[in-house]
Amino acid sequence: MSAIRRMIAVSLSAMLLVAVAAPSRAEAADASTSSPVCDAAAELRERLEGVTEGLIDGRLAAVPHAADRASAWWTAHRTEFASAPSLDTLMRQLVTAAHHQRTRQAASLAVRLSAESFAWCPSAHSDSDALMLLDLAGMTGWLRGRGQALEWPAGVPAATDSLAAHLVVHRHPSSATRLRSAVAALLAAHEGPRGDVLPATRLLELIDQLEQVLR
C-alpha cells in the first residue's frame, strides 16, 4: 500500500481492526488454495499494482520504474504460464507507454494484465485473491472515471460476496454492508474524461484497510 493511501485511510483503520476477527483463518484459507501458478500470478499482480498506484497517487515518476520491475519479473517467469506469448505484446506496450509519459495507458494495461492473470489459477480464490480483485475493480473504476476504456474485472460480484460473507460469519454485518455499498457505488459511478473517481478512491481506501487485517 502506498504512503499516500495509508495516510488517507488511517481514519478507517481502528474501526476495521476491531471489526474483523481471526486473521489466521484467512491465512489458512490462502494456504488451502495456494499453488505455484497461483502464487506466481499473485507476484506479478503485486508488481503491476505499482504502475497503477503511481498514477492514482500522483507519483508519475514512479510509473516507469514500476513498469520495468513488472517487465523484469515477467521475463524471468513467463515460461511458467501457457498464455505467455499472447501477453508479451501487452507487457511491451506497458513499458513503452510508461517511458513515454502515457501513464494512463500504462496503468490501464497493468490492470488488464492483472485481471487476466486470475484465469491462470484454476483453484478457488482465497481472501487475498478477492481483495486483489476488488482492488483492481477500484483501479478500473478510477481509470474509467478518467476516460479509459476498460472492462470490469471478471468476478467482482463473487469477490464481494466472499469477503462480505467472511465478515458476517465473524459477526460484523455492518462492515459487510459497507463493503457491498462501496462496490455498488463504484459500479454506478459516472464515467468519462471528467467522471467521478471518488467512489473508486473510497473502495481503494477500504480495501487497503481490509488487506492489513486479513493478510
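One finds the CG atom of Leu131 at 11.5 Å from the CD atom of Gln209 (value rounded to the nearest 0.5 Å). To the nearest 0.5 Å, atoms CG (Leu44) and CH2 (Trp73) are separated by 5.0 Å. Residue Ile56 holds its CD1 atom at 7.0 Å from OG1 of Thr201, rounded to the nearest 0.5 Å. Atom CD of Gln148 sits about 3.5 Å away from atom OG of Ser108, to the nearest 0.5 Å.
Across all their heavy atoms, Ala98 and Ala106 have their closest contact at N-CB, 3.8 Å. Ala154 and Leu133 get closest at one heavy-atom pair: O-CD2, 3.4 Å. Listed here is the closest heavy atom pair of Pro199 and Ala185: CB-O, 3.7 Å. When all heavy atoms of Ala110 and Val51 are compared, the pair lying nearest together is CB-CB, 3.9 Å. Nearest approach of Leu186 to Ala137, heavy atoms of both residues: CD2-O, 3.5 Å. Of all heavy-atom pairs between Ala176 and Val168, the closest is CB-CG2, 3.7 Å.
Contact of the Thr160 side chain with the Val156 side chain is registered, since non-hydrogen atoms from C-beta on lie closer than 4.5 Å. No side-chain heavy atom of Asp127 sits less than 4.5 Å from a side-chain heavy atom of Leu210. Using a 4.5 Å cut-off on side-chain heavy atoms (C-beta onward), Glu151 and Arg112 make no contact. Residues Trp152 and Arg144 have side chains in contact (heavy-atom distance under 4.5 Å, counting atoms from C-beta outward). Residues Phe118 and Leu136 form a side-chain contact, since some pair of their non-hydrogen atoms from C-beta on lies under 4.5 Å apart. Here the side chains of Met139 and Glu49 are in contact, with some heavy-atom distance below 4.5 Å. Proximity of Leu87 to Arg78: side-chain heavy atoms (C-beta onward) are nowhere separated by under 4.5 Å. The side-chain heavy atoms of Leu48 and Leu94, taken from C-beta on, include a pair separated by under 4.5 Å.
Gln101 CD: 12 or fewer foreign heavy atoms inside a 6.0 Å radius. Within a 6.0 Å radius of NE2 in His99, other residues, nucleotides and ligands contribute more than 12 heavy atoms. Atom NE2 of His100 has 12 or fewer heavy atoms from other residues, nucleotides or ligands within 6.0 Å.
Under the 4.5 Å side-chain contact rule for hydrophobic residues, Leu204 and Leu198 do not share a cluster. The cluster map of Ile, Leu, Val, Met, Phe, Trp and Tyr, joined by side-chain heavy atoms under 4.5 Å apart, puts Val111 and Val95 in different clusters. Grouping the Ile, Leu, Val, Met, Phe, Trp and Tyr side chains by contacts below 4.5 angstrom, directly or via other members, places Leu206 with Leu163. Both Leu150 and Leu55 are members of a single hydrophobic cluster when ILVMFWY side chains are connected at heavy-atom separations under 4.5 Å.
Within the 3.5 Å criterion, the main-chain N or O of Leu143 finds no donor-acceptor partner in the side chain of Arg104. Listed for the Arg47 side chain is a donor-acceptor partner under 3.5 Å among the backbone atoms of Glu43. Of the possible polar contacts, one joining the Ser117 side chain to the Ser114 backbone as a donor-acceptor pair under 3.5 Å is found. A donor-acceptor pair under 3.5 Å is formed between the side chain of Asp129 and the backbone N or O of Ser126.
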For this session: Determine, stepwise, if the pair Glu46 / Met132 fulfils side chain to side chain contact (heavy atoms under 4.5 Å, CB included).
Result: CA-CA 9 Å; Glu46 182 180 348; Met132 184 67 239; over 6 Å; no

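Relative to the six-membered ring of Trp142, Arg146 meets both conditions, a distance below 6.0 Å and an angle of at most 45° to the axis.
Side-chain atoms of Thr177 and Arg180 form no donor-acceptor pair, as typed in the model, at a separation below 3.5 Å.
A salt bridge does not link Asp135 to Arg45: none of the charged side-chain nitrogens sits closer than 4.0 Å to a carboxylate oxygen.
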